[in-house]
Amino acid sequence: QVQLVESGGGLVQPGGSLRLSCAGSGPVYSIHGMRWYRQAPGKQRELVADITRGGSTNYINSVLGRFTISRDNAKNTVYLQMNSLKPEDTAVYYCNFDLVVGDGVFASWGQGTQVTVSS
C-alpha cells in the first residue's frame with residue numbers, strides 16, 4: 001500500500017552534485033527512521049546515511065562532509081544532497097523507511113535511482 005518513489009539520479013562529472021528525493025505515498029502512516037542505501041556493481045548494498053524523526057543523522061565515513069541527508073515529515077520525504085561526487089559514489093541508490101503500524105514495524109523501499117559519476 002505504501003510506495004516510495006525516488007527521483008534525482010543521473011550522470012554527473014566528478015566534483016558535481018545531485019540531490020535525490022524519496023517520497024512516500026498511500027495511506028497515512030508513522031515514519032521513524034529514514035535511510036539511504038547504495039549498491040555498486042559487484043558490491044553488497046551499504047548504508048550511506050540515516051536520519052531519525054527528530055533529525056539526528058549518521059553517515060558512512062566515505063561521504064562525510066560531502067553528503068547531507070534531510071527529511072520533511074509533512075511531505076513524508078527524505079532527501080540526499082550529494083556534493084563533490086566521486087566515481088566511487090557510482091551506484092544505485094535506494095531509500096528506506098521504517099513504518100510503524102500498530103505494534104508492528106515494516107520496512108518500505110524505493111525502486112532505486114542510478115547515480116553515475118564519470119568523466
Side-chain angles (χ1 to χ4, degrees):
Q1 292 183 340
V2 177
Q3 296 187 22
L4 307 185
V5 180
E6 301 182 31
S7 63
L11 173 64
V12 297
Q13 294 186 340
S17 298
L18 288 172
R19 191 189 193 203
L20 307 183
S21 64
C22 175
S25 64
V28 296
Y29 47 87
S30 177
I31 305 174
H32 283 196
M34 291 179 167
R35 302 173 182 87
W36 286 98
Y37 289 78
R38 68 186 180 188
Q39 188 165 23
K43 294 186 176 181
Q44 63 183 344
R45 186 173 298 184
E46 65 178 353
L47 177 63
V48 178
D50 64 57
I51 184 168
T52 69
R53 185 173 181 83
S56 297
T57 60
N58 287 285
Y59 302 89
I60 191 171
N61 284 340
S62 62
V63 308
L64 278 173
R66 300 189 297 119
F67 290 12
T68 302
I69 187 172
S70 61
R71 63 190 287 170
D72 185 334
N73 290 332
K75 297 181 178 180
N76 293 330
T77 300
V78 65
Y79 306 92
L80 186 66
Q81 178 67 47
M82 304 184 294
N83 299 325
S84 302
L85 283 162
K86 304 175 180 180
E88 50 263 45
D89 296 317
T90 296
V92 178
Y93 284 70
Y94 300 90
C95 59
N96 164 253
F97 292 0
D98 286 336
L99 308 177
V100 179
V101 181
D103 294 329
V105 180
F106 303 89
S108 186
W109 291 85
Q111 81 281 7
T113 185
Q114 177 71 48
V115 172
T116 302
V117 185
S118 179
S119 299

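These figures come from a predicted structure and were not determined experimentally.
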Do M34 and C95 have side chains that get closer than 4.5 Å, going by heavy atoms? no
Minimum side-chain heavy-atom gap R35-D98 below 4.5 Å: yes
Hey, can you tell me if Y93 and F67 have their rings parallel, tilted or perpendicular (30° and 60° cut-offs)? tilted
L99 and V105: CA distance, side-chain angles, deciding distance, side-chain contact (heavy atoms from CB on, under 4.5 Å) verdict: CA-CA 6 Å; L99 308 177; V105 180; over 6 Å; no
Closest non-hydrogen atoms of H32 and R71, given as atom of the first, atom of the second and distance, are O-NH1, 2.7 Å
Considering all heavy atoms of both residues, which atom of V78 and which atom of S70 are nearest to each other, and what is their separation? CG2-O, 3.2 Å
Identify whether V12 and L80 are in the same connected component of the hydrophobic contact network (ILVMFWY, side-chain heavy atoms under 4.5 Å). yes
Between Y37 and V92, is any pair of side-chain heavy atoms under 4.5 Å apart? no
N/O donor-acceptor pair under 3.5 Å between Y94 side chain and Q39 backbone: no
Non-hydrogen atoms of A40 and A91 that approach each other most closely: N-CB, 3.8 Å
L20 and V115, any side-chain heavy atoms less than 4.5 Å apart: yes
Distance from L64 atom CG to R66 atom CZ, nearest 0.5 Å? 9.5 Å
Do Q111 side-chain atoms and E6 backbone N/O form a donor-acceptor pair below 3.5 Å? yes
Just so I know, are the side chains of R38 and D89 near enough to count as touching, which here means a heavy-atom distance under 4.5 Å? yes
Please give me the minimum heavy-atom distance between G8 and L18, naming the atom from each residue. O-CD2, 3.7 Å
Within this structure, what is the OG1-CG distance for the pair T52 and N58, rounded to the nearest 0.5 Å? 8.5 Å
Cluster link M82 to V117, ILVMFWY, side chain under 4.5 Å: yes
Do Y59 and L85 belong to the same hydrophobic cluster, where Ile, Leu, Val, Met, Phe, Trp and Tyr are linked whenever their side-chain heavy atoms lie under 4.5 Å apart, directly or via other members? yes
Answer yes or no: is there a side-chain heavy-atom contact under 4.5 Å between T90 and Q114? yes
Pairwise side-chain contact, D72 with Y79, heavy-atom cut-off 4.5 Å (strictly under): yes
Does G9 offer a backbone N or O that forms a donor-acceptor pair with the side chain of T113 under 3.5 Å? yes
Connected via hydrophobic side-chain network under 4.5 Å: L47 and W109: yes
Out of curiosity, S56 OG to I51 CD1, how far, rounded to the nearest 0.5 Å? 8.0 Å
